[in-house]
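Because the structure is a prediction, the values reported are computed rather than measured. For reference, positions follow the sequence shown, starting with 1.
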Amino acid sequence: MRNLADAIESFIIGELLRDQEDALLVQRNELAERLRCAPSQISYVLSTRFTPERGFLVESRRGSGGFVRIVRMEPQGARQPQKEPTASELVEHLEGQQLITARERTLLQYMLHILDADEKKKKAVLQQAMSLLASEGRR
């Protein structure tokens, strides 16, 4: 029998594939109710299985009307084994999916350029920046 985390991950990936989109917008409480689990279990799966290293970016906004946006960072047609996208390539993809504006892309690209860190750290900083944008309600 599969565990609950596997079931939650499968459901989310199924929704992404079903809609053939690179992003999914859900409300954590509604998803937990639908899957008959606690919202904290949804949070656990999102933080451990939908990571930049696995090709996902998760943005969330808490409070009334809060949401979770799961963005598949690699385009559907690019599912061949290849190198992991760089932080800069992820920013380009976000703009291409109209999740950020051209101005935000330029600012993020500059920030990544001057940041003295490895790619893993740059991706973590990028995820924090996207979470900040989401928490401001701009997306």
Side-chain angles (χ1 to χ4, degrees):
M1 182 176 159
R2 296 182 339 169
N3 67 34
L4 182 59
D6 290 338
I8 294 168
E9 178 184 22
S10 294
F11 177 82
I12 292 171
I13 290 174
E15 288 295 303
L16 282 166
L17 293 174
R18 182 181 63 115
D19 294 339
Q20 296 184 349
E21 295 288 330
D22 287 333
L24 177 65
L25 187 68
V26 296
Q27 290 194 321
R28 191 182 330 261
N29 289 338
E30 288 179 12
L31 185 57
E33 187 177 307
R34 185 172 181 180
L35 296 173
R36 297 182 183 157
C37 65
S40 62
Q41 290 170 307
I42 302 292
S43 297
Y44 169 79
V45 170
L46 292 173
S47 66
T48 59
R49 304 209 180 175
F50 292 87
T51 63
E53 293 78 24
R54 295 182 84 192
F56 295 95
L57 179 67
V58 177
E59 308 169 54
S60 65
R61 187 171 87 188
R62 300 194 186 276
S64 61
F67 64 86
V68 175
R69 182 181 317 195
I70 304 146
V71 180
R72 184 174 27 201
M73 299 308 293
E74 62 181 64
Q76 271 183 287
R79 299 247 177 242
Q80 316 149 15
Q82 18 177 299
K83 68 173 183 75
E84 189 173 317
T86 65
S88 181
E89 291 168 338
L90 295 177
V91 171
E92 294 293 333
H93 179 73
L94 291 171
E95 182 189 23
Q97 294 297 311
Q98 297 179 339
L99 297 171
I100 61 174
T101 65
R103 181 175 186 264
E104 291 165 339
R105 176 192 47 82
T106 302
L107 290 170
L108 287 171
Q109 292 284 27
Y110 177 72
M111 175 193 70
L112 292 172
H113 178 72
I114 64 171
L115 186 63
D116 184 25
D118 62 13
E119 276 299 309
K120 185 176 181 179
K121 178 66 176 172
K122 286 181 180 185
K123 287 179 184 179
V125 170
L126 177 59
Q127 187 171 16
Q128 289 174 333
M130 291 306 300
S131 294
L132 180 62
L133 287 173
S135 70
E136 290 179 0
R138 296 183 57 190
R139 301 279 150 240

Original post:
Would you say Glu119's side chain and Ala87's backbone share a donor-acceptor pair under 3.5 angstrom?
Top reply: yes
Subject >> side chain to side chain contact (heavy atoms under 4.5 Å, CB included) partner of Leu107, the single match among Met111, Gln109, Arg103, Arg105 >> reply: Arg103
**OP:** Search all heavy atoms of Ile100 against all heavy atoms of Val91 and return the closest pair with its distance.
**Re:** CD1-O, 3.8 Å
Original post:
Do the side chains of Glu95 and Glu104 get nearer than 4.5 Å, heavy atoms only?
Top reply: no
Original post:
Tell me, do Asn29 and Gln27 make a side-chain contact under 4.5 Å, heavy atoms counted?
Top reply: no
Subject >> Lys121 with Asp116: basic N within carboxylate O range, under 4.0 Å >> reply: no
Subject >> Interatomic distance, Arg72 atom CZ to Leu57 atom CG [nearest 0.5 angstrom] >> reply: 13.5 Å
Original post:
Tell me, do Cys37 and Ile42 make a side-chain contact under 4.5 Å, heavy atoms counted?
Top reply: yes
Original post:
Which heavy-atom pair separates Glu15 from Leu24 by the least distance, and what is that distance?
Top reply: CB-CD2, 3.7 Å
Original post:
NZ/Lys122 to CG/Leu108 distance, rounded to the nearest 0.5 angstrom?
Top reply: 12.5 Å
Subject >> Nearest non-hydrogen partners of Ile70 and Phe56, listed with the distance >> reply: CG2-CD2, 3.9 Å
**OP:** Decide side-chain contact (heavy atoms from CB on, under 4.5 Å) for Leu31 and Phe11; before the verdict, give the C-alpha distance in whole Å, the side-chain angles of both, and the deciding distance to 0.1 Å.
**Re:** CA-CA 10 Å; Leu31 185 57; Phe11 177 82; 3.2 Å; yes
**OP:** Could you note down all residue pairs passing salt bridge (Lys or Arg N to Asp or Glu O under 4.0 Å) where residues 33-44 supplies at least one of them, sequence neighbours left out?
**Re:** none
**OP:** Work out which heavy atom in Ala38 is nearest to a heavy atom in Ala32; give both atom names and the distance.
**Re:** C-CB, 3.9 Å
Original post:
Can you name the closest pair of heavy atoms from Ser43 and Arg28 and give their distance?
Top reply: OG-NH1, 2.8 Å
**OP:** Rounded to the nearest 0.5 Å, what's the gap from CD1 on Ile13 to CZ on Arg49? Could you check?
**Re:** 9.0 Å
**OP:** Verify the cluster assignment for Leu46 and Leu4: are they in a single hydrophobic cluster under the rule of side-chain heavy atoms below 4.5 Å apart?
**Re:** yes
Original post:
Within the distance-only criterion (no hydrogens, no angle test), does the side chain of His113 pair as donor or acceptor with the backbone N or O of Ser88 below 3.5 angstrom?
Top reply: no
